[in-house]
**Q** 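Submitted below is the structure of interest, expressed as C-alpha cells.
This is a predicted model, so every value here is computed, not measured. Any value given below was found using the heavy atoms of this structure, including those in side chains, with hydrogens, waters and symmetry copies removed. We count residues from 1, following the sequence as given.
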Amino acid sequence: MASIILIACLAILGLIIAIALFLAGGYLWWRHKRSQLQFIEPNEDEESSSYSLRAAQDIDSGNPPSKPQVPVAQAITTPLQNNINRKLNGFLSLRTPLIGGSAPAQAKAQNASTGNTNDGTSKDSANKSISMTDMYLDSTDSSENVGQIHFSLEYDFQNTTLILKVLQGKELPAKDLSGTSDPYVRVTLLPDKKHRLETKIKRRTLNPRWNETFYFEGFPIQKLQSRVLHLHVFDYDRFSRDDSIGEVFLPLCQVDFAGKQSFWKALKPPAKDKCGELLSSLCYHPSNSILTLTLIKARNLKAKDINGKSDPYVKVWLQFGDKRVEKRKTPIFTCTLNPVFNESFSFNVPWEKIRECSLDVMVMDFDNIGRNELIGRILLAGKNGSGASETKHWQDMISKPRQTVVQWHRLKPE
C-alpha cells in the first residue's frame, strides 16, 4: 500500500512539473510574439506629422509589392487592430508625431526632386547627420568578425518614400549548440528607437537569405538625411532572450539617392558597455582667454544602483598635458538616468596654450556608502581626445572663436 501511495505521489508531482514547463514555454513564446507585434504609443516630445512604416512581402514571388490603399485617417486604430494589421497584412501604418509631414515639408521634398534645394536646409540636415554619426558610430576598429549583411536603398521622390531591401547575410557566427543560428534583422531609423520592423526568422543557417522589402513612407528628403539607418542582426531563441549577432549604422546623409544603391557592410559586435551620452558645448574667447564648457544634459546613463537608477553628477578637470590644474563639479541629481545639468564652467586659458590643454569630463554616480563610481567619461582635446567626436568638437571650437559649439558625445567606460 505504501509503495502504491508513493508511486501516485510521484506521478502527480511529475504531472505538475510537466504542466509548469508547458506553461512556462507558452509564456515565453507569447512574450516573443508580443515583442514583435507590440504597438508603441508615439512620444509627445517629437514634432507632429505622419509616419508610415510598411514591411512588404518577399521579393521571391517576383511581383513588386503594391502599396496598401489605407487612408491616413484610418491608420489610428486600437493597439490590437494595429497588431493584427502588421501580422496579417504585412505592414504597419501609424500616425505619430515624429516626422514633419505638413504641406511646407512636402513642398520642400518636391523642390528637392526637381533640383531646387535650399542650401541652408541642406547644411542644417548635414550638421544634424554629422552629430548623429558621432553619436551612434563607434570609430574603434573591431578585430572580431561577426559576418556581413547585404541590403539596398532607393528613394521615391514622388511619394517621399524610402525603400529598403534586406537581401542576405554571410558568414554569421554560430550562436546555437547545433553550430548554426536562427537569424533575423531588426530595422530602425535612428534617433527613433520605438518604431521598428523585423524580417522573418531564417532557421538553422549562417548565410541567410531574407529578400524582404520595407517602406518608410512620408519622409521628405531633408528629414531623411538627418536619420541613421540601423540594421541589427539577432539570433532567435525560443526559451531565452535573443542573442545579438552584430549591427550596422549607416547615416543616410552619406547615401546618394539619385539611384538605387546596394551595400555589403561588415557587421560590428554591439558595444558591451553602453554608458550613455552627454550633450555639451564649448566656447573660447581669445580676447579675454576664457574657455567655457557647458554641460547641458545626459541621457541613457548606465544604472549603478540596485533600484535601476543612478545619482549622477559631473566632475571636470582642466589639464595641461598630464598635469591636472583645476577641478569643477555639478550638483548631484538623484534617481535618474537622464539628468539635465545646465551648468557652465569657465577656465582661464591663454591662446598660445589652448591647443595643449584638455578637459577630462567624468560622469559619476554618487554613493552615500562607499566610493563614488564612474559611469563614463570623455576627454575633450585638440590632439589626443577620447575619440574622433571629442577631437573634432575641440577643433571646431578653435576654428570658430566666440561661437558656442554644441555636440553629443558617447561616454566611454574608461
**Q** Would you call the rings of Phe216 and Phe219 parallel, tilted or perpendicular if under 30° counts as parallel and over 60° as perpendicular?
**A**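 Phe216 vs Phe219 ring planes: perpendicular.
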**Q** Partners of Asn384 by side-chain contact (heavy atoms from CB on, under 4.5 Å), sequence neighbours excluded?
**A** none
**Q** Tell me, please, which residues at least two apart from Phe345 pass ring pair (Phe, Tyr, Trp, His ring centres under 6.0 Å).
**A** none
**Q** Would you mind reporting whether Lys175 and Pro183 have side-chain heavy atoms less than 4.5 Å apart?
**A**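 Sidechains of Lys175 and Pro183: no contact.
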**Q** Under the rule for side-chain contact (heavy atoms from CB on, under 4.5 Å), what residues qualify as partners of Ile19, not counting sequence neighbours?
**A**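 Ile19 satisfies side-chain contact (heavy atoms from CB on, under 4.5 Å) with Leu15, Leu23 once adjacent residues are dropped.
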**Q** Who passes side-chain contact (heavy atoms from CB on, under 4.5 Å) against Val340, sequence neighbours left out?
**A**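 Here the qualifying residues are Lys297, Asn342.
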**Q** In chain order, what residues pass the side chain to side chain donor-acceptor pair (under 3.5 Å) check against Thr336, with sequence neighbours excluded?
**A**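 With sequence neighbours excluded, Thr336 shows a side chain to side chain donor-acceptor pair (under 3.5 Å) to no residue whatsoever.
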**Q** List in chain and number order the residues that pass ring pair (Phe, Tyr, Trp, His ring centres under 6.0 Å) with Phe257, two or more places apart in sequence or in another chain; answer none if no residue qualifies.
**A**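 For Phe257 the ring pair (Phe, Tyr, Trp, His ring centres under 6.0 Å) partners, ignoring immediate neighbours, are Tyr155.
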**Q** Kindly list each side-chain donor-acceptor pair under 3.5 angstrom involving residues 360-375, sequence neighbours excluded, with atom names and distances?
**A**
residue	atom	partner	partner atom	Å
Asp360	OD1	Arg377	NE	3.4
Asp360	OD1	Arg377	NH2	3.3
Asp360	OD2	Arg377	NH2	2.5
Asp365	OD1	Asp311	N	2.7
Asn372	OD1	Asp367	N	2.9
Asn372	ND2	Tyr313	OH	3.0

**Q** What pairs with Ser358 under side chain to side chain donor-acceptor pair (under 3.5 Å), at least two apart in sequence or on another chain?
**A**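 So Ser358 forms a side chain to side chain donor-acceptor pair (under 3.5 Å) with Gln319.
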**Q** Check side chain to side chain donor-acceptor pair (under 3.5 Å) between Ser262 and all other residues, then give those that pass, not counting sequence neighbours.
**A** His150
**Q** List in chain and number order the residues that pass side-chain contact (heavy atoms from CB on, under 4.5 Å) with Ile5, two or more places apart in sequence or in another chain; answer none if no residue qualifies.
**A**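 Scan of Ile5 (side-chain contact (heavy atoms from CB on, under 4.5 Å), adjacent residues dropped) gives Met1, Cys9.
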**Q** Among Thr199, Asp242, Asp235, find the one that has a side-chain hydrogen bond (donor to acceptor under 3.5 Å, both in side chains) with Tyr184.
**A** Asp242
**Q** Give the ring-plane orientation class for His230 versus Phe249, where under 30° counts as parallel, over 60° as perpendicular and anything between as tilted.
**A** parallel
**Q** For Thr205, which residues count as a side chain to side chain donor-acceptor pair (under 3.5 Å) partner, sequence neighbours excluded?
**A** none
**Q** Is there a side-chain contact between Asp156 and Tyr215 (heavy atoms, below 4.5 Å)?
**A**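 A side-chain contact is absent here, since even the closest heavy-atom pair is not under 4.5 Å.
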**Q** Tell me the ring pair (Phe, Tyr, Trp, His ring centres under 6.0 Å) pairs involving residues 373-398, sequence neighbours left out?
**A** His393-His409
**Q** How many angstroms lie between CG in Leu318 and CG in Leu359, if you round to the nearest 0.5 Å?
**A** 6.0 Å
